[in-house]
Amino acid sequence: SAVISQKPSRDICQRGTSLTIQCQVDSQVTMMFWYRQQPGQSLTLIATANQGSEATYESGFVIDKFPISRPNLTFSTLTVSNMSPEDSSIYLCSVEGQSTRAEAFFGQGTRLTVV
Amino acid sequence: GQNIDQPTEMTATEGAIVQINCTYQTSGFNGLFWYQQHAGEAPTFLSYNVLDGLEEKGRFSSFLSRSKGYSYLLLKELQMKDSASYLCAGAAGNKLTFGGGTRVLVKP
């Protein structure tokens with residue numbers, strides 16, 4: 001299994017500002033994933049972050065709004081830019097498991113409230 | 001693409017059995033996951049099916065039929081702590097697509 005540390009765990013931000021969320025893994029992983037979970041909803045994949053290349057974004061998500069860094073194999077950041085109340089959500093980072101079953105492990109999530 | 005459907009909510013009694021169904025339409029599919037998520041917490045892995053059939057792990061079992069695009073999670077001997085959301089997720093390559101989740105409420 002992988003241990004994932006994500007911070008901040010929660011934040012309340014003013015609209016128009018940006019927040020950077022950090023995700024640290026205790027082992028080297030090839031791919032890291034960023035998800036959004038809006039209130040009462042399931043998880044939606046924002047992007048896949050690979051070390052040494054630009055992140056791959058899913059439909060409906062763009063780099064200008066959610067820039068991602070992946071400087072090494074154990075760390076990634078997601079920035080939520082120019083926030084609006086609609087960005088209030090839980091943001092989770094995830095890594096794939098190293099076993100043959102490839103289960104995903106999740107960080108504890110960042111609960112973001114935009115006021 | 002993937003389209004994954006599961007019921008929104010289910011209620012069951014402590015000690016009983018509950019079956020959560022998940023249907024999907026997918027291309028490039030290579031596995032079906034089930035996750036448990038307690039309120040305010042991150043999802044935790046429960047099971048992964050890549051071949052047809054039943055996989056049993058303690059009180060939880062998961063079934064997959066690829067030809068029917070169907071899976072279920074079976075929770076036996078329900079306990080109060082099993083009250084949570086259960087997420088079905090289809091895997092295509094390294095990406096997971098989640099269903100809307102089924103909120104299970106266990107009553108005494």
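Labels below follow one simple rule: chain letters A, B, ... track the order of the sequence lines, proteins then strands, and each chain is numbered from 1.
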Would [X] end up clustered with [Y] when hydrophobic side chains under 4.5 Å apart are linked, directly or stepwise?
X: A/L45; Y: B/Y48; answer: yes
X: B/I20; Y: B/F63; answer: no
X: A/I46; Y: A/V114; answer: yes
X: B/L46; Y: B/I4; answer: yes
X: A/M83; Y: A/W34; answer: yes

- Message: Quick test of your reading: applying salt bridge (charged side-chain N to carboxylate O under 4.0 Å, His left out), list the pairs with at least one residue in residues 98-108 of chain B, sequence neighbours left out, ordered by first then second residue.
- Response: B/E9-B/R103

- Task: Could you go through the side chain to side chain contact (heavy atoms under 4.5 Å, CB included) check for B/L96 and A/Y35 one step at a time?
- Result: CA-CA 10 Å; B/L96 295 180; A/Y35 288 86; 3.5 Å; yes

- Does the ring centre of B/F45 sit less than 6.0 Å away from the ring centre of A/F106? no

Which atom pairs, one a donor and one an acceptor, fall under 3.5 Å between side chains of residues 80-87 of chain B and the rest of the protein, sequence neighbours left out?
from, atom 1, to, atom 2, distance (Å)
B/D82, OD1, B/R59, NH2, 2.9
B/D82, OD2, B/R59, NH1, 2.7
B/D82, OD2, B/R59, NH2, 3.3
B/D82, OD2, B/Q79, N, 2.8
B/S83, OG, B/M80, O, 3.2
B/S83, OG, B/V106, N, 2.9
B/Y86, OH, B/Q36, NE2, 3.0
B/Y86, OH, B/D82, O, 2.6

- By a 4.5 Å heavy-atom criterion (distance strictly below it), what part of A/Q37 contacts chain B: side chain, backbone, both, or neither? side chain

Return all side-chain donor-acceptor pairs below 3.5 angstrom for residues 54-66 of chain A, not counting sequence neighbours, or 'none' if the list is empty.
from, atom 1, to, atom 2, distance (Å)
A/Y57, OH, A/F66, O, 2.6
A/Y57, OH, A/I68, N, 3.4
A/E58, OE1, B/K95, NZ, 3.3
A/E58, OE2, B/K95, NZ, 3.0
A/K65, NZ, A/S81, O, 2.7
A/K65, NZ, A/N82, O, 3.1
A/K65, NZ, A/D87, OD2, 2.6

- Note on the structure: Distance col, row B/E41:CD vs A/L92:CG, nearest 0.5 angstrom, shows 11.5 Å

- Task: Answer yes or no: is there a donor N or O on one side and an acceptor on the other, between the side chain of A/S42 and the main chain of B/F98, under 3.5 Å?
- Result: no

- Message: Below 4.5 Å, heavy-atom pairs only: which of B/G40, B/G99, B/P43 has the largest tally toward chain A?
- Response: B/P43

- Item | B/L54, CG atom: more than 12 neighbouring heavy atoms under 6.0 Å | yes

- Item | For chain A, which residues of residues 69-78 of chain B have heavy atoms nearer than 4.5 angstrom | none

